[in-house]
Amino acid sequence: MAEQVAATRVKGWRLLRAALTSRKTATMLALGFASGLPFVALIGTLNAWLGERQVSLATIGVLSWIGLAYAFKFLWSPVVDRTRPPLLARLGRRKSWLVLCQLALAALLMGMAATDPVAAIGSFALLAVVAAFFSATQDVVIDAWRIEIADGVDDAGGATVEVLSAIYQLGNRTAALAGGAGALVAAARIGWPAVYATIGGVMVLLALATLLAPEAVPPEEDAAEPLAGHVVPDRRRRAVALAVVAVGWGWAIWMLGSFMVAALTPLAPGEKAASAGDFTKFWGPWIVVATVVVPAIVAAWANGYAMPSAGAAGSAGRRAADHVYRALVLPLSEIVGRLRWGAIVVVALILSYRIADSIWAPFAFPFYLEFLSYSNDEVAFASKIFGVLMTIAGVALGGLMFATLGRMPTMLAGAIAAAATNLLYADLALGGAGIDGFAALFGLDRLGADQRMVRLCIAIAGENIAGGLAGAAFVAYISSIVAKQYSAVQYALLSSLTFLVGALGRAAMGEAIGQVGYASVFQFTAALGLIAVGLVLVEWWRGAPRAPEVVAV
């Protein structure tokens, strides 16, 4: 309770003042900015640059797969958490990784600025993929640094975990504004290469700031058994389970990487381009099987041989394997063991809940800027300033509904809204007659604003309010079903699954837009959202599970 009081006392200008009053909090503000800037540059703003250069929507869809690095960073987080990179190791476990990632990001973003995304799309894509990996790795280290550097409970608003988390969000959102709206406005004046070179230069400055940061002191657990106190199979069966899961993930990553290379490699005369639609149709389901279904089956098998771990320390290699087992297999083992067949519905719901809005996200900027011919300044205001306010409104609405109606009614409302607002964009693609009628009905066309901007803002308001509502409901739902004993790893695993199906479908969506147009694709994604609506109803009917209040260890 005292921690919550400390966190809630520091808001607004007091939060900014707190961020600048000590070495720890000032560093946290800088690291929050360092986390948000490359993320928005690689996942959002990059598509505006590609769209301006007339890169095909199918290629934009394929390149959007770099976002999976953020979703699945938990795969390599145990290695980053337990080791130090060579040459920089003397800086400390956390600072060495932070400086490495930030300098690598600076070089890669500057390399992207110097590369033509049309003439050298393969090289450009490679730089973006590697940059996404380092950006996601930086996030892993920042999360650890924030927890380890924090003071104890401090009612005066010191550098507690809660205060540092709030300051981190402040820096992150400032970076999102700078890398989103700021980059769009700047690109209209100095061009995208100069914008990305500038972002790279900012990452160099942030690396210098990191050198001045206090080094966190990780807990002394190097010699401890990572699975001590957990109920797990013997080491031989754990090795089998981990090997099967690793092969599944390795194969999936190889398939995605191979197709990205094939799709982005210039074609020889007479050679047929790789079809993203065919890949999604034939290989997408198998990738889901390899990364979700097979690990769940392995987890169920492992439960049959589970017993309390003796806690004996092993070699460094064995401890590393056990850390990976704890991150990949153990969270699913607990969920499958607790929910049994109900885990099928839960995982299916998690995979599909955000698909209606996530699957077309990479094409938003090309849609606004190229198809609808809005200017960079107009899109910067409507999407990155007005849209953020609407997202906040949606999150607030979700929190209110969750508190008054409960989680499943809120989940249902979020699923319906996320699907329905795709029809707003379908109408916008067809000329906006329906949106104009809505504006006339409520007098929004008499505000004195440009009719085209009113139309765009109404569509963005609907989509962002729905996204905020659905996002708040979804976070609350996942938080309510994870077990306290495994809360961090289960939340990381389950939340990452939300990106999987949407990401797999993005390349096919880009190809489909080129064939049938935006309006038809938006109508399809609205219908696709009905899958989540149906699964919410099933989950509600069967009685959505809650995490156990007390977990025996």
query: At what distance, to the nearest 0.5 angstrom, does CG of Asp445 lie from CD1 of Ile435?
result: 13.0 Å
field: OG on Ser64 to CG on Leu57, rounded to 0.5 Å
entry: 11.0 Å
message: I'd like to know whether Leu42 forms a side-chain contact (heavy atoms from CB on, under 4.5 Å) with Met112, so could you lay out the CA-CA distance, the side-chain angles of the two residues, the decisive distance to 0.1 Å, and finally the verdict.
response: CA-CA 10 Å; Leu42 294 167; Met112 291 172 65; 4.0 Å; yes
message: Checking the side chain of Thr59 only, and the main-chain atoms of Val55 only, is there a donor and an acceptor separated by less than 3.5 Å?
response: no
- prompt: Where is the tightest heavy-atom contact between Trp192 and Ala48, given as atom of each residue plus distance?
  reply: CZ2-CB, 3.8 Å
message: Test side-chain contact (heavy atoms from CB on, under 4.5 Å) on Met260 and Val129; report intermediate values, then the result.
response: CA-CA 10 Å; Met260 284 188 70; Val129 167; 3.8 Å; yes
Ser135 (side chain) donor-acceptor with Ala131 (main chain) under 3.5 angstrom: no
- request: Please name the pair of heavy atoms, one in Ser352 and one in Ala532, separated by the smallest distance, quoted to 0.1 Å.
  value: O-CB, 3.6 Å
- prompt: How about Trp65 and Phe279: are their ring centres within less than 6.0 Å of each other?
  reply: yes
- request: May I ask you to test the Met509-Val521 pair for a side-chain heavy-atom distance under 4.5 Å?
  value: yes
- request: Kindly check if the number of other-residue, nucleotide or ligand heavy atoms within 6.0 Å of CZ (Arg452) is above 12?
  value: yes
query: Counting only N and O atoms by type, is there a donor-acceptor contact under 3.5 Å from the side chain of Trp145 to the main-chain atoms of Pro214?
result: yes
- prompt: Does Cys101 offer a backbone N or O that forms a donor-acceptor pair with the side chain of Gln138 under 3.5 Å?
  reply: no
query: Hey, are Arg455 and Asp427 close enough for a salt bridge, meaning a charged N less than 4.0 Å from a carboxylate O?
result: no
field: Leu68, Val80, Val140, Thr137 screened by side chain to side chain contact (heavy atoms under 4.5 Å, CB included) with Lys73, the one that passes
entry: Val140
- request: Identify the two heavy atoms, one from Gln523 and one from Ala426, that lie closest to each other, and give their separation to 0.1 Å.
  value: CG-CB, 3.9 Å
query: ring pair (Phe, Tyr, Trp, His ring centres under 6.0 Å) between Phe259 and Trp283: does it pass, once the steps are laid out?
result: CA-CA 10 Å; Phe259 182 79; Trp283 293 109; over 10 Å; no
field: Note, Met453 side chain near Phe381 side chain (heavy atom, < 4.5 Å)
entry: yes
- line: In this structure, CG of Leu428 is separated from CD1 of Ile458 (nearest 0.5 Å) by 10.0 Å
- prompt: Which pair of heavy atoms, one from Gly200 and one from Ala106, lies closest together, and at what distance?
  reply: O-CB, 3.3 Å
- prompt: Is the shortest heavy-atom distance from the side chain of Glu52 to the side chain of Leu369 under 4.5 Å?
  reply: no
field: Distance in Å, Tyr368 OH paired with Leu184 CG, rounded so as to fall on 0.5 Å steps
entry: 11.5 Å
- request: Step through it carefully: locate the ring centre of Trp360, locate the ring centre of Phe367, and say whether they are under 6.0 Å apart.
  value: no
- request: Check whether any side-chain heavy atom of Leu170 lies under 4.5 Å from a side-chain heavy atom of Phe33, and answer yes or no.
  value: no
message: Between Lys95 and Ala213 (side chain of the first, backbone of the second, donor and acceptor by atom type, cut-off under 3.5 Å), is there such a pair?
response: yes
Any donor-acceptor pair under 3.5 Å from Asn47 side chain to Ala364 backbone: no
field: Shortest non-hydrogen contact between Thr115 and Gly111, atoms and distance
entry: OG1-O, 2.6 Å
query: Knowing that exactly one of Thr210, Leu98, Leu100, Leu211 qualifies, which makes a side chain to side chain contact (heavy atoms under 4.5 Å, CB included) with Leu91?
result: Leu211
message: Determine whether a donor-acceptor pair (N or O, by modelled atom type, separation under 3.5 Å) exists between the side chain of Tyr196 and the backbone of Ala41.
response: yes
query: Heavy-atom distance under 4.5 Å between the side chains of Trp97 and Pro85, does that happen here?
result: yes
- request: Quick one: closest heavy-atom pair of Ala69 and Ala136, and the distance?
  value: O-CB, 3.4 Å
field: Geometric cation-pi criterion Arg146 and Tyr168, 6.0 Å radius, 45° cone
entry: yes
task: Could you grab the distance from atom CG of Leu50 to atom CZ of Phe365, nearest 0.5 Å is fine?
output: 12.0 Å
Ser383 side chain vs Ala380 backbone, donor-acceptor pair below 3.5 Å: no
- request: For the residue pair Ile142 and Met28, establish whether any side-chain heavy-atom pair is separated by less than 4.5 Å.
  value: yes
message: I'd like to know if the side chain of Ser35 reaches the main chain of Gly32, judged simply by a donor and an acceptor atom lying under 3.5 Å from each other, with no hydrogens or angles considered.
response: no
field: Glu378 backbone acceptor or donor facing Ser375 side chain under 3.5 Å
entry: yes
field: Check: Leu31 and Leu206 side chains under 4.5 Å, non-hydrogen atoms
entry: no
Min side-chain heavy-atom separation Thr525-Ile355 under 4.5 Å: no
task: Check the surroundings of atom CG in Leu447: do more than 12 heavy atoms from other residues, nucleotides or ligands lie under 6.0 Å from it?
output: yes
message: For a side-chain contact (heavy atoms from CB on, under 4.5 Å) check, start with the C-alpha distance between Gln102 and Leu208, then their side-chain angles and the critical distance, and finish with the verdict.
response: CA-CA 9 Å; Gln102 289 161 1; Leu208 295 176; over 6 Å; no
field: Plane angle bin for Trp249 and Phe72 - parallel if under 30°, tilted between 30 and 60°, otherwise perpendicular
entry: perpendicular
Inter-residue atom distance Tyr353.OH - Phe474.CZ, 0.5 Å rounding: 8.0 Å
query: What do the steps show when you test Asp436 against Gln451 for side-chain contact (heavy atoms from CB on, under 4.5 Å), and what is the final call?
result: CA-CA 8 Å; Asp436 288 345; Gln451 184 180 5; 3.4 Å; yes
